[in-house]
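Keep in mind that the numbers below use all heavy atoms, side chains included, and drop hydrogens, waters and symmetry copies. Just so it is clear: chains get the letters A, B, ... in the order the sequence lines come, proteins before strands, and each one is counted from 1.
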2 protein chains.
Amino acid sequence: MTSDSRLSWRDVRDRIHEHILTGRYGPGDRLPRDADIAEELGCARSTVQRAMQDLSDSGLVERRRKGGTRVRAEPVTRATLDIPITRREVEQSGARYGYQLIRRRMAPAPRGVVAAFGLGASRPMLRVEALHLSDGRPYIFEDRWICPETSPEVNDLDFTEESANEWLVLNKPYTRLDLRFYAVSANPRLSDLLETEPGAALLVIERTTWVDDAPITTVKAITTPGYQLLTGS
Amino acid sequence: MTSDSRLSWRDVRDRIHEHILTGRYGPGDRLPRDADIAEELGCARSTVQRAMQDLSDSGLVERRRKGGTRVRAEPVTRATLDIPITRREVEQSGARYGYQLIRRRMAPAPRGVVAAFGLGASRPMLRVEALHLSDGRPYIFEDRWICPETSPEVNDLDFTEESANEWLVLNKPYTRLDLRFYAVSANPRLSDLLETEPGAALLVIERTTWVDDAPITTVKAITTPGYQLLTGS
DNA sequence: TAGTGGTCTAGACCACCGG
DNA sequence: CGGTGGTCTAGACCACTAT
């Protein structure tokens, strides 16, 4: 009478989402048990479970054993961000990619790097500074520190042709990642490297990665004016 | 002999992840069929499926019907971002939250707003400018446009006590979201409002939301110097 | 068209945690 | 302790797409 085909977990998800949009379930309200929803809709409990997992992933509801499922009282704006390899990013914009190593040398990790990794004390690390170019013009300046204990291979790499960005992403999978975004004013050196006016506002993307608590690398990707980071949604 | 308890999908995920880390499966390589992995590990295929779903969500592998599962050739750095309501953000930092409406009026949507929504032509919208304070000092300046057709309730709200940020997040769930981040230099008005030096570099978080292609709101959250956006990971 | 992942089901047991 | 979500299984069928 009503529907001929089975309910998919997306259907179930959308129905519940609809109820939340409509206000049938408001912030903080408790939803029926999965089993009850399943019975009401005429599907298996695991289908409801799959739908709820999705709603939970998107931050719309919170689930607890015994506590049940509740609409999140303090909603958050949740989004997924994809940061591609810089070379790919440039090429996909239709421009010609270029790369230029600025400096490569061992040095004791400064305080900021020690803090980013959560280490107790400083230690010697490999610092690699490089410039990514788009159609020959500066695109991103990369100031990177690599932990040689975790990646001994870097001692044999000079990073004159291939960027550390690319080598690490391809060869050093991580198990933990910290990302942060902020803005800085171009100091004289940066405005020189990036060919911008002194004091220009630059978006900085800072990434730190670990393998099982062993620090791999931390990098500040300092972008050129006008650069925008978008969600993939 | 080997193991007494069942494999969980996390175990399966970690094993495969390990194989990718080790290089047993390199970028672009094809992994065995789910069914074969299940048999090899002695678990149900759906357990492998659950593990693979997770690896796929984190951008480590790509799955296609008939094409099988492959290690992503061009890896991306993928992260999930949670942006809380500004009031909560301030309060959780231990500071006292304050709010101040700067201006509220109807106006024709400028080109940038029309473009953000993907509309064909301009139309009158409600513009709300407001300041969020942390311990009495400027924290974030919010420049927002609201589409009154989608949210007619805003005609009866003056936003002098409650911020549009909070009202919208609590009362206007969205089905689509666009996020972008970039840096701007403080112009005279911004440096005045935010009590910063003229030309200071500021991180801007731009959010646009829709319900089923109907535009709800677009907002530029212009932060104060030093503000950092972090991943929840 | 055939191979592979995607989903649904029904049932069972487990893990967590609120009352 | 008991209620609820989390997971695993075995099997079936479907949907997509590479070959």
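Screening residues 51-98 of chain A for ring-ring contact (aromatic ring centres under 6.0 Å, His included) gives A/Tyr97-A/His132 as the qualifying pairs, with residues at least two apart or on separate chains.
Between the side chains of A/Thr217 and A/Arg144, a donor-acceptor pair is found at a separation under 3.5 Å. Under the 3.5 Å distance criterion, with hydrogens and angles disregarded, no donor-acceptor pair is assigned to the side chains of A/Ser56 and A/Arg63. B/Glu206 and B/Tyr182 are linked by a side-chain donor-acceptor pair at a separation below 3.5 angstrom, with hydrogens and angles left out of the test.
Look at CZ on B/Arg30: it is 9 Å from C1' on D/dA18, rounded to the nearest Å. When rounded to the nearest whole Å, the span between CG of A/Leu41 and P of C/dT7 equals 18 Å. A straight line from CD of B/Gln53 to P of C/dG6 spans 9 Å, rounded to a whole angstrom. Between A/Leu55 atom CG and D/dG5 atom P the separation is 13 Å, expressed in whole Å. Going from atom CH2 of A/Trp9 over to atom C1' of D/dC13 covers 19 Å, rounded to whole Å.
Contacts of A/Tyr174 classified as ring-ring contact (aromatic ring centres under 6.0 Å, His included), with partners at least two apart in sequence or in another chain: none.
Taking the charged nitrogens against the carboxylate oxygens, A/Arg123 and A/Glu149 do have a contact shorter than 4.0 Å, which makes a salt bridge. Under 4.0 Å is where a charged nitrogen must lie from a carboxylate oxygen, and between A/Lys220 and A/Glu142 no such pair does. Salt bridge present: B/Glu166 and B/Arg87 bring a charged side-chain N and a carboxylate O closer than 4.0 Å. With respect to B/Lys172 and B/Glu153, a salt bridge is recorded, a charged nitrogen being found less than 4.0 Å from a carboxylate O. Salt bridge annotation for B/Arg78-A/Asp82: present, with a cationic side-chain nitrogen under 4.0 angstrom from a carboxylate oxygen.
For residues 57-71 of chain A, proximity to DNA chain C is found at A/Arg64, A/Arg65, A/Lys66, defined as any non-hydrogen atom under 4.0 angstrom from a strand atom. Of the residues in residues 31-39 of chain A, none lies under 4.0 Å from DNA chain C by heavy-atom distance. The stretch residues 42-52 of chain B touches DNA chain D through B/Cys43, B/Ala44, B/Arg45, B/Ser46, B/Thr47, each having a heavy atom under 4.0 angstrom from the strand.
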Side-chain donor/acceptor pairs under 3.5 Å, residues 23-30 of chain B, sequence neighbours excluded:
| unit_1 | atom_1 | unit_2 | atom_2 | d |
| --- | --- | --- | --- | --- |
| B/Arg24 | NH1 | B/His19 | NE2 | 3.2 |
| B/Asp29 | OD2 | B/Gly26 | N | 2.8 |

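Proximity of A/Arg10 to the phosphate of C/dT7: a side-chain N or O atom is located under 4.0 Å from OP1 or OP2.
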